[in-house]
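Input: a single structure, listed below in structure tokens.
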Amino acid sequence: MKSQVIQSFLHHFESEPLVVFAPGRINLIGEHTDYQEGFVFPAAICHGIHVAIAKNNLNFCRVYALNFDQEFSFELGSMSPKKGHWASYIMGMCALLNQAGYTLRNFDLVLGGDIPVGSGLSSSAALSVAVGLGISQLFSFHIPKKNLALYAQKAEQLFAGVNCGIMDPYASLFGVENHALLLDCRSVTHQEVEIPLGEYCFLLVNSKVSHALSSSAYNQRRAACEESVAILQKFFPEVRTLRDLQAGDLSSIQQLLPESLFPKAKHVITECGRVHQATKAFQNKNLFEVGNLLNASHESLRDDFEVSCPELDFLAIQAGSTEGVLGARMMGGGFGGCLLTLLKDTDVSIFKARIQEEYQNKFHLIPDFIEVALGDGARQV
Ligand code: GLA
């Protein structure tokens with residue numbers, strides 16, 4: 001992809017660009033916990049977005065998206081980003097950097113990626129991160145990585161309308177080959193944890209569904225957590241977010257929260273516990289335990305947090321009854337996207353054949369399979 005992006009840049013703009021790469025991410029465990037200042041366990045992957053960028057002497061910026069074969073121009077002084085358009089993430093990052101006091105000048109940019117859009121691998125976070133890093137390098141701004149992650153999170157909130165947490169851009173920036181990041185979303189600091197997979201691998205099954213209203217459902221889940229916190233603070237003033245509660249508190253908070261809210265709070269609290277258990281299990285090279293935790297996470301997301309969907313539940317059940325699978329769960333925001341499966345290398349082809357047949361029979365959709373390797377974070381290449 002790097003050479004295609006450079007070729008395309010030379011063809012469109014006839015100058016020498018600098019090139020950056022920002023990866024997508026998977027999340028091993030810890031779903032819907034980041035916006036409650038909880039713990040997540042993501043990893044950058046080798047799929048991602050390349051951006052080629054160079055200064056121009058015009059009074060506007062020109063951008064081109066290789067995957068869509070679309071061009072777009074805008075003036076830095078009068079940008080009007082629209083929700084849902086790829087160029088909005090570029091203008092969004094420019095606007096956020098401007099606001100933060102960085103004086104941008106006009107540039108040309110080409111982007112190209114190999115992350116399937118809508119699969120829940122955070123292509124939009126990767127785009128924002130790539131643009132932010134590209135601009136930082138081009139104008140020698142030396143923007144700290146953590147700040148870039150915060151700007152990219154803001155861009156997603158503004159231009160996708162999703163009130164998301166910090167996990168996706170953070171993983172894209174800080175990823176390390178063969179490691180996951182135990183990220184504390186309160187202090188916004190992480191610990192790198194080696195992921196010893198041995199004869200096992202992570203295989204994603206893309207359900208190819210992306211249910212409408214997923215962004216409003218995401219925002220509702222976040223609001224439900226905030227409502228629980230507001231109620232609980234009357235009794236426990238020291239509770240700032242659900243992150244401050246443990247599994248041992250569940251029976252007392254069940255008495256205080258309405259039936260509609262308790263299961264959602266329970267998910268966040270138990271999921272944070274599973275992040276710590278999974279970290280220990282990886283450190284002890286106990287992949288069987290990791291598999292059990294993935295299954296438990298899926299059940300909690302399905303039954304308590306209610307962000308799964310029939311397609312993902314079906315895939316999880318099929319995966320669970322397939323030889324060589326240690327565990328599987330829906331990944332990301334939910335309502336579609338990918339199932340993350342931990343399975344034995346030698347069982348991958350039988351797994352693919354079986355899942356494809358069962359899924360096609362049931363939903364008349366052909367799933368995609370994506371083998372992921374854990375890679376390094378965003379960088380100039
Ligand atoms: C999306 C958001 C993240 C996180 C996950 C759920 O990927 O962008 O911030 O909340 O959903 O864990």
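Order of appearance sets the numbers: ligands from 1, and atoms from 1 within every ligand.
With respect to atom 10 (O) of ligand 1, the closest heavy atom belonging to the protein is Y218 OH, 2.5 Å. Nearest protein heavy-atom contact of atom 9 (O) of ligand 1 is D34 OD2, 2.5 Å. Closest to atom 8 (O) of ligand 1 among all protein heavy atoms lies D168 OD2, 2.7 Å. The single protein non-hydrogen atom nearest to atom 5 (C) of ligand 1 is M167 CE, 3.8 Å, given as residue, atom name and distance.
Those atoms of ligand 1 with a heavy atom of G165 less than 4.0 angstrom away are 9 (O).
Using a 4.0 Å cut-off between charged nitrogen and carboxylate oxygen, K344 and E323 do not count as a salt-bridge pair. A salt bridge links D184 with R243: at least one charged nitrogen is closer than 4.0 Å to a carboxylate oxygen. Note on R62 versus E71: no salt bridge recorded, every NZ/NE/NH1/NH2 to OD/OE distance being 4.0 Å or above.
Y200 places no side-chain N or O within 3.5 Å of a backbone atom of D345 that could act as its donor or acceptor partner.
By the 3.5 Å distance cut-off applied to N or O atoms, T33 is not counted among the residues near ligand 1. Between Y35 and ligand 1, not a single N/O pair is under 3.5 Å apart.
Residue contacts with ligand 1 include R25, since one or more of its heavy atoms lies under 4.0 Å from the ligand.
Stacking of K146 on the aromatic ring of Y170 is not recorded, the 6.0 Å distance cut-off and the 45° axial limit not both being met.
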request  = Step by step, work out the side-chain contact (heavy atoms from CB on, under 4.5 Å) result for E271 and S297.
outcome  = CA-CA 7 Å; E271 184 78 351; S297 171; 3.0 Å; yes
